[in-house]
2 protein chains.
Amino acid sequence: MTRAVLPRALNAARDMPLESLKASRLRLSTHFKTPVSLSLDHRRHISAYGYTQAKALVYSQYGEPKDVLSLHTHSISPPASTSITLRMLTAPINPADINQVQGVYPSKPPMNTSLGTNVPSAVAGNEGAAEVVGLGGSVKSVAKGDWVIMKSSAMGTWRTHMQADENEVLKIDDKTGLTPLQVATVSVNPCTAYRMLKDFTSWDWGAGEWFIQNGANSGVGRAAIQLGKEWGLKSINVIRERPGWEELKKELEGLGATKVVTEEQLMSKGFKDMIKEWTNGGREPIKLGLNCVGGKNATAIAKVLGQGAHMITYGAMSKKPTELPTALLIFKEIVFEGFWVSKWGDRNPVEKKQTVDDVLRMTREGRFKDIPVEEVKWDWETKIEPLKEAVQGTLEGFRKGKSVFVFGKT
Amino acid sequence: MTRAVLPRALNAARDMPLESLKASRLRLSTHFKTPVSLSLDHRRHISAYGYTQAKALVYSQYGEPKDVLSLHTHSISPPASTSITLRMLTAPINPADINQVQGVYPSKPPMNTSLGTNVPSAVAGNEGAAEVVGLGGSVKSVAKGDWVIMKSSAMGTWRTHMQADENEVLKIDDKTGLTPLQVATVSVNPCTAYRMLKDFTSWDWGAGEWFIQNGANSGVGRAAIQLGKEWGLKSINVIRERPGWEELKKELEGLGATKVVTEEQLMSKGFKDMIKEWTNGGREPIKLGLNCVGGKNATAIAKVLGQGAHMITYGAMSKKPTELPTALLIFKEIVFEGFWVSKWGDRNPVEKKQTVDDVLRMTREGRFKDIPVEEVKWDWETKIEPLKEAVQGTLEGFRKGKSVFVFGKT
């Protein structure tokens, strides 16, 4: 935080209940004598000795989030050496985060008692944006006030603060014109769409080549539409037929979708002819299919792909396996692969940073729009119930769009 | 044919019925005045003007082989320019050849009246070994007496003789110690096994890495076992449980199979533990799966593959599609692909020749054994019925091993 924004922070402090101010053992004088390094929004949870008070959604056994998540309060010691203290700004609730809590996700964070829990526990959440609020003496790559995202998965982002090594985060080089929401949601969905479009097919960029995707209304789907448009690709986008789907169609076309069809149209007998017409009688074949649905939907998509196309699966919303007719494998030479963005990011930190930077550049330039999100406020006083409800609601599909924890005056 | 073998040919002529000799309008004197260029086995069907009499199994409409195949007799004009006249030695009956006649195979030879048929027709058969018996004046790459195989698919090998361009054949550089049967059966099954083992996975050659295959008793399966052994790979081979399967197990182990299991074992709960034991607790993961069965068998194979393994489908004996659990695609990063040897060969003629030469080298050195074949004699006098029966029998699975037309004194 710079001095220029201090008045706003002071206003915030003025609005705070007296107990909170006492509890925080805030010593404003310290902040004013030394270069201001800590957000005042964060000040209540720094003790006299530089300890940071933090709360984290933890679990010590796998199960339904509502049954196994608890809110754990603990202190974070002052950062030493290459450690940094982070204040979380935003942390999305992704389906994979929930699967991880359920124990059905292959990537499992280690459970331990390092946060002072009675039993070995892990912090939930994988994606998030944070502000650097404390620096160990040897830290070189980030400064206080910088925004960062997690370099790898399973770091536990559903918490108000965390301590990390400077090497565990990716710094957002230029946060101008960006919101914490935009930064927090860039590393899963947009990265997934970006890498699937870039890495599996060699495109004749700019030649208007085709890809097709189901779940086009998902975060990844919307990102793929926009990136495809940016890169000169044409897209066929399959959505479920639902009340108001024609509105959604217009919205996706507004993002850059070339064609939007319903799942019903995809499954219909006439779909092949539709594809023929769009692809100039097959002379402009569909080179890539993106699948997050599975089941018959995925098989129908595979059947309209061109010779030697790649079909990338990154989700299974229908919870049904995909049936592969052998002829598609042997004679149409379709390659079926999966994409797992966490694994990819863990293996390719440099490319992950480049991808994030590129999407954020487009975002800043107004050429990449956020997906609609539902903000879930998480202040210091927030109890566990609304947090668990947000998680459970995502699991049960009650919530519109993606839910994101937005950390307030913690 | 060289002069050295003439006595054998003369013996053959002596055994022939008088009608045949007359019909052939053989003029031995011609052969003795000019350098001998035609096999005497073939002599009956060379007319005074250099025309060759030929018979071909043709079809003018798609359907069951027994309904649509007919035996067409025609003359082949003397070869000019870069044309060559071939006498077929051997031609396998592959399932794909039958699918082609049925019209359900994606590669369809053109139908025309170039052989003098009343209606546009195609010659059946794709694989085969032939002897060069006539040369156009500009032919450079082959000589009379050379053995050749077809460079590409759909050339029509179920016939006694054919005319081709010298560029349409691959010459067998060194036929020493080889039989026409070995040469005729090299370009489909052994090539398929060879390329699947070589092209889809990067092996640490010689480190004893694992692959697994179903249909291990098939031509491709037996080739994969032998090539795997040759190259230092370890194999897990799945066969159907049938009477005498333990004999078959021993036979495959004799060819170099590391492990042989039944489909029942593959499907059993204990199979994972078996694999764990063999692969040193998964530390030597299975890197490649070869699938010619499909259905549940294929899914079971996919489930024991290691992280990032490739599963190559080259057949679908069960006629059932393969179900792909999404987790295998996303989290286990298994890549599902197909392999189509005809397409591969048509695209890579140079590599096809190298592959054929390499397998024939191993065959000559006694390190690659032929698969058991059932020989179907095809002499000049052979009527269509036994030929059609052999084709239909292959289709219906009545025949043991692979059937191969062996051309006699045509």
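Only the side chain of B:E333 comes within contact range of chain A, with heavy atoms under 4.5 Å apart. Neither the backbone nor the side chain of A:K319 comes within contact range of chain B; no heavy atom of the residue lies under 4.5 Å from a heavy atom of that chain. Heavy atoms of B:I334 lying under 4.5 Å from chain A belong exclusively to its backbone. With a 4.5 Å cut-off on non-hydrogen atoms, B:F331 touches chain A through its backbone and its side chain both.
Look at A:K402 and A:E127 and you find a salt bridge, because one of the NZ, NE, NH1 or NH2 atoms lies within 4.0 Å of a carboxylate O, short of that distance.
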Exercise for the section: Could you go through the side-chain contact (heavy atoms from CB on, under 4.5 Å) check for B:F336 and B:L329 one step at a time? Expected result: CA-CA 8 Å; B:F336 291 83; B:L329 284 164; 3.7 Å; yes

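A distance of 6.5 Å separates CG of A:L227 from CG of A:L197, quoted to the nearest 0.5 Å.
Heavy-atom pairs under 4.5 Å with chain A peak, among B:K320, B:R347, B:K332, at B:R347. The candidate with the highest count of non-hydrogen atom pairs below 4.5 Å against chain A, out of B:L324, B:T313, B:V335, is B:L324.
A donor and an acceptor atom, one from each side chain of B:Q100 and B:D97, are nowhere located under 3.5 Å apart.
A heavy-atom distance below 4.5 Å is found between the side chains of B:S342 and B:Y105.
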